Protein chains: 2
Amino acid sequence: MKTPKLPAFPRSAGVTTHDYAFERLRQAIMVGAFPPGTPFTIRGLADALESSSTPVREALRRLTSIGALQSLENRRIVVPNMTPSRFEELISLRILLESHAARRAVAHLSDRQIDAIVAIDDAIEVAILAGDKAEALIANQEFHRKIYMGNPDPVAMPLIESVWLQLGPILGIAMDHVTQLYVIDRHREAIKALRQRDEDAVAEAIGADIREGIGGFDKQAIGKLLALAGEEVGTLGITS
Amino acid sequence: MKTPKLPAFPRSAGVTTHDYAFERLRQAIMVGAFPPGTPFTIRGLADALESSSTPVREALRRLTSIGALQSLENRRIVVPNMTPSRFEELISLRILLESHAARRAVAHLSDRQIDAIVAIDDAIEVAILAGDKAEALIANQEFHRKIYMGNPDPVAMPLIESVWLQLGPILGIAMDHVTQLYVIDRHREAIKALRQRDEDAVAEAIGADIREGIGGFDKQAIGKLLALAGEEVGTLGITS
DNA sequence: TGGGTACGTAAGTGATCACAATTGTTCTCC
DNA sequence: GGAGAACAATTGTGATCACTTACGTACCCA
């Protein structure tokens, strides 16, 4: 049981090996490619990325500091474990931070930017109808990001992404066990409020979107998901 | 103009060079030892810490990912610049996150833990009366941290510390130009609310504490502080 | 048969070196 | 005297190696 396999990721020129490794791992974790407990080794990843240990170590250290990975006392690096109460904390943080970020972005978003957000929402619907869960997930994150990044000083964005990263693993498990994604019409509500520049309504719509989306899992459901994940760890997503 | 000088820091046994470098730099930045724009070089820090570049690079990378430092396009690493609007964003995030974290910790704090928090508040007052601004600052952070860490799943704590780190540089400047610290009786209010297990009152007291503390600087005051810092950069805190 | 020890393997850590890119300096020419 | 080019110094990047620690397995003895 060495290192998990990585989804492909394009590497543009001029990017350092370190940045590439970091981004690739970050994306993979954020979309739930690795269940909680997945171990990461420096040498294994260096082999997988066809580089040496130095940039990989730096990437793992960075991911650890933003909460995406956890450094055990053994110095082993793993995907953090999830508990129902930690899940609930993370969801409450998502609602808190993203309602706030959305509210503070409203005044800065131009009509053209809102049009782009609408386009992303359309892409989400297309992905859902096509049954492409991974694509829907990425587009959904892009929808939220585009709103919050309207703020010229998006200092909250790294914090929000840290929470996303911590929810990634459980998200991946949920995606594997949810038969059908449903269309979230809270996005329409948020868009309407954005066009009206109604800060309270935008914040409320984003909060409701999270609550009714991933936040809709109650403690029992999370417990079930974690049990399912427990069965699968070691047989899925792990090479050799 | 090479690297900034570092305050001393105890290194306990069993700690890796990397962790030591990271913690030492982190502490220094959090208490405002470096004004915005201060450059950091790997070799300079490695010399200062009497180690090699590998652990220092990892520490700098970690600090960059949590917002404490900024990586320029030149690949130079500096303390991020501050603007009045970014400052305002950071303060609003502090209020948001810390009110929330305080509220969610209330139910978990034992009477003994509250006693420890009171003791820290006393230490703050002692430090203020003694005119020891740095010590007062550190004790104040400890006061807040002790409250929020009452939560058994303190997932918000790293996010809060990220905001503290980003406010550190301006905090350091403010400390140099504030003649006298005043005693914040909002802490007493928070303690009283803690003892009564009144979540709303605790959240309100913490929010008010931040608003009336560092959050009390308005945009004009921040502009003045930044101008003062501009004069001093290059002559203060920089060696050779 | 059970537990403890010893050994081999795997993995993290940190120092060093070669290379590339950037920056700073100086020298020359107009 | 000033602008530009060539050169030198500094710095970041990544690969490699030696060292130490943690883990797993097998062996030995009670």
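Below, chains carry the letters A, B, ... as their sequence lines are ordered, and counting in each starts from 1. This structure is a prediction, so every number in the text was calculated from the model and none was measured.
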Can you tell me which nucleotide in [options] comes closest to the side chain of [X]?
X     : options                : answer
B/S53 : C/dG12, C/dT16, D/dT11 : C/dT16
B/P55 : D/dA15, C/dA15, D/dT11 : C/dA15
B/R43 : D/dG14, C/dG14, C/dA18 : C/dA18
A/T54 : D/dG12, D/dT16, C/dT16 : D/dT16

Worksheet entry | Residues B/E142, B/K146: salt bridge by 4.0 Å N-O rule | yes

Fill in: Carboxylate-amine/guanidinium proximity below 4.0 Å for B/R24 and B/D19
no

Worksheet entry | Side-chain (A/S51) to main-chain (A/D47) donor-acceptor, under 3.5 angstrom | no

Whether [X] contacts [N] is assessed here as follows: a side-chain N or O lying under 4.0 Å from the phosphate OP1 or OP2. Is that the case?
X     : N      : result
A/S52 : D/dA15 : yes
B/N74 : C/dT23 : yes
A/R61 : C/dT13 : yes
B/T16 : C/dT13 : no

Write down the distance between [atom1] ([X]) and [atom2] ([N]), rounded to a whole number of angstrom.
X     : N      : atom1 : atom2 : result
A/Q70 : C/dG12 : CD    : P     : 15 Å
A/R75 : D/dT20 : CZ    : P     : 13 Å
A/L72 : D/dA22 : CG    : P     : 13 Å
B/R76 : D/dT10 : CZ    : P     : 12 Å

Item to complete: Give a yes or no on whether a donor-acceptor pair under 3.5 Å exists between the nucleobase atoms of C/dA11, that is its base, and the side chain of A/T41.
Response: no

Worksheet item: Counting only distance, no hydrogens or angles, is the base of C/dG14 paired donor-acceptor with the side chain of B/R57 under 3.5 Å?
Response: no

Worksheet, complete the sentence: Of B/L60 and A/E50, the one whose nearest nucleotide on DNA chain D sits closer to the 5' end is B/L60

